[in-house]
Protein chains: 2
Amino acid sequence: MANIKQVAKQAGVSVATVSRFLNNKDYVSQEAKAAIERAIKDLNYRPNQVARSLTTKQTNLIGLIVPDITNPFFPQLARAVEDTALALGYTVVLCNSDEQQEKELHYIAMLRQTYVAGFIVASNLISEQSYLDLNIPVVALDRSPESLLPNVSTNNFEAAKLGASYLIERGAKHLICLRGTVDVASSNERVDGFLAAMTEAVDYEILIGDYGFDNAYKLMTTYLQQGKPVDGIFTCSDYAALGVLKAVKEAGLRVPEDIQIVGYDGIQLGELVPPGLTTVAQPVYNLGEQATRMLVNKLEGKDNPDTRIVLEASLCVRGTTK
Amino acid sequence: MANIKQVAKQAGVSVATVSRFLNNKDYVSQEAKAAIERAIKDLNYRPNQVARSLTTKQTNLIGLIVPDITNPFFPQLARAVEDTALALGYTVVLCNSDEQQEKELHYIAMLRQTYVAGFIVASNLISEQSYLDLNIPVVALDRSPESLLPNVSTNNFEAAKLGASYLIERGAKHLICLRGTVDVASSNERVDGFLAAMTEAVDYEILIGDYGFDNAYKLMTTYLQQGKPVDGIFTCSDYAALGVLKAVKEAGLRVPEDIQIVGYDGIQLGELVPPGLTTVAQPVYNLGEQATRMLVNKLEGKDNPDTRIVLEASLCVRGTTK
DNA sequence: TTGAAAGCGCTAACAC
DNA sequence: GTGTTAGCGCTTTCAA
C-alpha cells in the first residue's frame with residue numbers, strides 16, 4: 001500500500017500539501033489538487049487510519065455494547081445504530097459482552113486503546129461511573145431515564161404499567177411478573193410499573209430472572225409444576241416471554257385461554273410465534289437512531305440540550321392475550 | 001494515559017528494555033523486570049495498540065462478516081466465534097453487511113486499514129477472488145465446501161437431501177423448495193440436495209427467495225393464494241421457515257396436518273415456535289469454533305493441513321412434520 | 001543484557 | 001499556498 005510520501009513525490013508536492021488536501025484544510029491550489037488527485041488514483045492510495053489516529057488520537061469508531069447478541073432485540077437495535085452511524089460517517093464496532101463483565105471490560109479496554117470516539121451502551125454489567133471515568137462520550141441505550149449517562153430509552157415505568165394493566169383488563173386475576181436482574185435500574189422501573197398496575201382484585205407474585213430465554217423457561221417450568229394458580233404473566237423482555245410461552249405450552253396449558261402473556265420490547269419474532277406475542281413494543285429503530293444521533297452530536301460538539309430522550313412504548317396486541 | 005517512555009523513566013531503564021519486557025523478547029534481567037512491573041503498575045500503563053500496530057503492521061483483530069444480524073443463525077454463530085477467538089487471544093469485530101455490498105466493502109476497507117489480522121466471512125456478497133486479493137488470511141464460514149477459500153461448512157448437499165427426504169418419508173407428495181439467492185454456491189448445493197431427494201412419486205416446485213424472513217413470508221403468501229396443492233415445504237434457512245410458517249398459518253392451513261415444513265440451520269428459536277420447527281440442524285457452535293481455529297492456525301503459521309472442514313448436519317425432528 | 005536511534009504513516013505547527 | 005520538521009507511542013536493528 002502506497003503512503004503519503006509516495007503520493008507527494010508523484011504529485012510533485014510536499015506531504016503537508018497532500019495531508020491538507022486529504023483533510024480539506026487550508027488552501028491548496030487547483031493545480032496541486034489536480035496533481036494529488038491523479039497521484040492518489042494512480043497509486044491507489046488510501047490514507048492509513050492507524051497512523052492518522054496515532055497522531056490525532058481520534059477515530060470515527062463507535063463502540064456499541066450489547067449484553068446478549070442472541071436476544072433478538074439487540075440485533076434489531078444494532079441494525080438501527082449501524083444504519084444511522086454509517087449515514088453520519090461513523091463505523092460501528094459491535095461488541096457482545098455476552099453477560100460477562102470480563103468480556104465487556106475487554107472490549108472497552110481494546111477500543112479505548114484504539115481511540116474509539118465514543119460508546120453506546122445497552123448492557124448493564126459495568127457501573128455508570130466506570131463509563132464516565134472513560135472520559136469520552138458515552139450514551140446509554142435502553143437503560144434507565146434516570147441514568148447518570150446521557151441516555152435514550154422508553155419510559156420503563158409507564159410502559160410496564162401499560163402491559164400489566166392490559167392483563168388485568170383482559171381478566172387476569174393471578175399474575176406473575178417475571179423480572180430481570182435485580183439492581184438494574186431499567187429492570188426495577190419495569191417492576192415498579194407492574195406493581196403500579198396491580199389492584200385489590202388481583203394477586204401477584206414476582207419472579208426474579210433475567211432478560212434471557214433459558215432462565216425464563218426454567219423458572220416458569222418449575223413454577224408451573226408447583227400448581228399454583230396463574231392466569232397472567234408479564235415478562236420484562238420478549239425473549240423471556242418466548243421462554244415462558246414454551247414452558248406454558250409444555251405444561252399443557254392453553255394460551256391465552258388458561259394463561260395470558262404480555263412481553264416487553266417488540267421484537268419482530270413476536271409476530272411469528274403463534275399465537276402472536278402481545279407485547280409492550282419499544283420503538284426499536286427509533287431508539288437506536290436517536291442514541292446514535294445523540295452520541296454523534298456530542299462527538300461533534302454540537303449544541304445539544306438533549307441529554308435524555310424518553311420515547312413512548314405502545315401496546316401491541318396479538319394472540320397471547322384474550 | 002501513560003506511555004512507554006514514562007514507564008522507562010520511572011523504572012530507570014530504556015524504552016527498548018520496557019518494550020522487550022512487554023513482548024517477552026530477548027533477555028531482560030530480573031531487576032529490570034521487577035522495576036518495570038512496578039512502574040507499569042504505578043502508572044497504570046497499558047501499551048498503545050495503535051502505535052504498536054503502526055510499527056508492526058499487525059493486530060489481533062479478527063473481522064467476522066455476517067450477511068444479516070437479524071437472522072438468528074448469525075448471532076449464534078458470532079457467539080461461538082467470539083468465544084473461541086477470545087480464548088485464543090484475539091478480538092472479534094462483528095460486521096453486519098446487512099445484505100449490502102457497499103456496507104461489506106466499507107467494513108473490509110476499514111478493517112484492512114486497521115491491519116486486521118484476518119477475516120471470517122459468512123456472507124456471500126463479494127467474490128471470493130476479492131477476498132483472496134486482500135492477501136491476508138480469510139476463512140469462509142457456512143458457505144460452500146467447494147469454495148476457493150479455506151472453509152468450514154456443513155455438507156449442504158447431503159444435509160438438504162436429508163431434510164427433503166424426510167418430508168417425502170412422512171408422506172408429502174407436493175413439495176416446494178424455497179431456495180436462497182441464486183448463484184450462491186451453498187444455496188445451489190442445498191437445492192441440488194433437495195432435487196436429489198425427489199422421487200417419481202412426488203412433484204415439486206422451486207421458489208427463489210433468500211435466507212430472510214420477509215421474503216419467505218411474502219413468497220409463500222402469494223403462492224398459497226394461487227391454490228396449488230402443497231403439502232411439504234423445505235426451506236434453505238430456519239429464518240425463512242419461520243416466514244413460511246406464518247404464511248401457512250395465516251392461510252388457515254394446519255401444520256403439520258395440511259402442510260409439513262422442514263427448515264435448515266438449527267437455530268435455537270426453532271424449538272420455541274410452536275409446534276416446533278423440524279429442521280436440518282447444523283452444528284452451529286462447532287462451525288464457529290472450527291472456523292476460528294482454522295483462521296488462527298493460519299495467522300500463527302501453524303502446520304495446518306486443514307483448509308477445509310466439512311461437518312455433518314443432523315435431522316432435528318419437531319412438530320412441523322408428522 | 002541494555003541503550004540510542006531510526007522509522008512506521010500521518011498531522012500540525014511554524015516558517016517562508 | 002506550500003514545504004520542513006517535530007512528534008504521536010511503539011518496535012527493532014545496531015552497538016556497546
Does C/dC10 have OP1 or OP2 sitting under 4.0 Å from an N or O in the side chain of A/Y45? yes
Gap between atoms NZ and P, on A/K25 and C/dC14 respectively (whole Å): 14 Å
CZ of B/R112 versus P of C/dG9: gap in Å, rounded? 13 Å
Expressed as a whole number of angstroms, how long is the span from B/N24:CG to D/dT11:C1'? 14 Å
Test for a donor-acceptor pair under 3.5 Å between the base of D/dG9 and the side chain of B/R46, counting only N and O atoms. no
Length of the CD-P vector between A/Q49 and C/dC8, whole Å: 19 Å
Nearest-nucleotide pick for B/V28, side chain only, options being D/dT5, D/dC10, C/dT2: C/dT2
When you check the side-chain N and O atoms of B/T154 and B/Q282, is any donor under 3.5 Å from an acceptor? yes
Rounded distance in Å - CZ (B/F21) to C1' (D/dT11): 16 Å
According to a strict under-4.0 Å criterion, is A/T17 in side-chain N/O contact with OP1 or OP2 of D/dG3? yes
Looking for any heavy atom pair under 4.0 Å, which part of the strands does A/V18 touch: base, sugar-phosphate only, or nothing? nothing
Give me the residues of residues 1-13 of chain B where at least one heavy atom lies under 4.0 Å from an atom of DNA chain D, by number, or none. B/N3, B/I4
Nearest to the side chain of A/L54 - D/dC10, D/dG3, C/dG9? C/dG9
Distance check needed: D/dG3 C1' versus A/D26 CG, whole Å only. 13 Å
From B/T292 atom OG1 to B/D83 atom CG, the distance as rounded to the nearest 0.5 Å: 9.0 Å
Donor on one side chain, acceptor on other, B/T56 and B/S53, under 3.5 Å: no
Within the pair B/K33 and C/dT1, is there a side-chain N or O less than 4.0 Å away from OP1 or OP2? no
Candidates C/dT1, D/dG9, D/dT2 - which lies nearest the side chain of A/R20: D/dT2
Donor/acceptor link under 3.5 angstrom from A/T55 side chain onto base of C/dG9: yes
Could you pick out which residue, B/N48 or A/V15, lies toward the 5' side of DNA chain D when each is mapped onto its nearest nucleotide? A/V15
Output the rounded distance in Å from CD (B/E31) to P (C/dT1). 10 Å
When you measure from the side-chain N and O atoms of A/N23 to the phosphate of C/dT11, is any distance below 4.0 Å, counting only OP1 and OP2? yes
From C-beta outward on A/T56, which listed nucleotide comes closest to its side chain: C/dT1, C/dG9, C/dA12? C/dA12
Reckon B/S29 touches a base, only the sugar-phosphate, or nothing at all at heavy-atom distances under 4.0 Å? sugar-phosphate
Mind calculating the distance between CD (A/Q113) and C1' (D/dC10) to the nearest angstrom? 13 Å
